[in-house]
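Written below as structure tokens is the structure these notes are about.
Since we're looking at a predicted model, the values are computed, not measured. Just so it is clear, the values below take in all heavy atoms, side chains as well, and ignore hydrogens, waters and symmetry mates.
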Amino acid sequence: MIKNAIAYITRKRNRTLIIFIILTIVLSCLYSCLTIMKSSDEIEKALYESSNSSISITRKDGNYFNVNEFKDIEKLKEIEEIEEIIMQYDGLAKLKDAKVVSGEQRINREDLSDEFKNVVSLEATNNTKRNILFSSGVFTIKEGKNIGENDKDSIIVHEEFAKQNNLKLGDEVDLELLDIEKSGKIKSHKFKIIGIFSGKKHETYTGLSSDFSENMVFVDYSTSQEILNKSENNKIANKILMYSGSAESTDLALNKLKELKIDESKYFVEKDSNAFEESLESVSGIKHIIKIMTYSIMLGGMIVLSLILILWLRERIYEIGIFLSIGTSKIHIIMQFIFELLFISIPSIISSLFLGNVLLKVIAGGIVNSDDSMISGGSLINDSFMLNITTLGQSYLILITIIVLSVVFASSLILIKKPKEILSKIS
């Protein structure tokens, strides 16, 4: 069987080339579709991270609270599903050696004391990258970097504020934090500029200079608490944000939080995953389309192969008749046809690895460039060599199944006839 199969594909070169092209195209399409389908978990994980979904704890009256006011606050760190906890303190600060950016104020207040003039809005956090204003793209870092967990005495400012005061990275900004808890007592501290951002947020006007986006600054949380003379057991915050690696982990963390029996009459404990759920709908649609494409390729490949084999087997009726006349079984004849296609398909594996990656980039590019897409190309295209080889191997097994089914279907139209009937047609 093997000898006859090799002899046929080497002599019938034109037919071999046609089958090779068809098998390469089918295998390439299967490979690219399976790669995207197997990347669905990575896509969802990337979407979840980019959506900045979290669980938040805030006071219902909107005021700040003592972080340790919760009876079991330390147990938050013991919840294994929570990967990151961010404290956020919002307040006001008075500039000592700089001037705020002026703008058209919709509310004019003549009752402002000197204490509330030339003030900026201040947000203290241990990770500005997670802040909704930055993760949503409202604010963008133009120079320097975001504030991280290990930063001390650090500040990031708006580019218009920096331009007006001739500030650059490495310069210092002297701020007097307004301590509302102690009747406006002012604390002074110098912060080093590590980042400059741009953008415009939705502004709410109260008559203060801090209403403008240009007059908003971000400082590191630990330094803000030191300035306010807050000890480790007496830190304050307006919001506690908790982040998990997946939607399932977030749900588990939320259930464990409810077991801590936080006073729901005073606090909101909420899950914010609306952006993820909305974008997940598009991923589900993509996965459904890819599945349809994969099944269509399998069915289409089977139909095309079967039709071509039916035409070619009719021309090989003499060869089939000779085999039957010398006592060769029908199973052996079918196996020879299968071996012929398998030998042709072996070189197509290498070709499909390159062509499949090209198709994968085209499909991924179309998805990424679609309207309202939150998916990055990197999440669809996995650069792992072993994973690509595994996917290609699985695609090839599907191709072998298509080959076997196509040969059996095409051959059955001839081989269901009795040998005597086939030999009579030859004569």
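Distance alone, capped at 3.5 Å, places no donor-acceptor pair between the S395 side chain and the L27 backbone. At least one donor-acceptor pair closer than 3.5 Å links the side chain of T10 to the backbone N or O of A7. Under a 3.5 Å cut-off, the side chain of Q164 and the backbone N or O of K99 do form a donor-acceptor pair. Not one N or O on the side chain of N215 forms a donor-acceptor pair closer than 3.5 Å with the backbone of V100. Under the 3.5 Å distance criterion, the side-chain polar atoms of S198 are left unmatched by any main-chain donor or acceptor of E159. Using modelled atom types, one side-chain atom of S352 and one backbone atom of T24 make a donor-acceptor pair closer than 3.5 Å.
Between Y89 and Y64, the angle of the ring planes goes over 60°, which puts this pair in the perpendicular group of the 30/60° scheme. A parallel orientation is assigned to the rings of F339 and F343, their planes being inclined by less than 30° (bins at 30° and 60°).
Residues satisfying the ring-ring contact (aromatic ring centres under 6.0 Å, His included) test with F161, not counting sequence neighbours, are none. By the side-chain hydrogen bond (donor to acceptor under 3.5 Å, both in side chains) test, T128 pairs with N146, sequence neighbours left out.
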Given V26 and L305, is the side chain to side chain contact (heavy atoms under 4.5 Å, CB included) satisfied, shown in steps? CA-CA 10 Å; V26 173; L305 270 179; over 6 Å; no
Could you walk me through whether L309 and F409 pass the side chain to side chain contact (heavy atoms under 4.5 Å, CB included) check? CA-CA 9 Å; L309 290 174; F409 175 75; over 6 Å; no
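Sorted by first and then second residue, the pairs that involve residues 134-149 and meet salt bridge (Lys or Arg N to Asp or Glu O under 4.0 Å), not counting sequence neighbours, are K145-D151.
A side-chain N or O of S345 and one of Y396 form a donor-acceptor pair less than 3.5 Å apart. Under the 3.5 Å distance criterion, with hydrogens and angles disregarded, no donor-acceptor pair is assigned to the side chains of N126 and S222. A side-chain donor from one of E340 and Q336 sits under 3.5 Å from a side-chain acceptor of the other.
Residues E80 and L252 have side chains not in contact (no heavy-atom distance under 4.5 Å, counting atoms from C-beta outward).
The minimum heavy-atom distance linking L167 with E172 is given by the pair CD2-O, 4.3 Å.
A salt bridge links K152 to E226: one of the charged nitrogens lies within less than 4.0 Å of a carboxylate oxygen.
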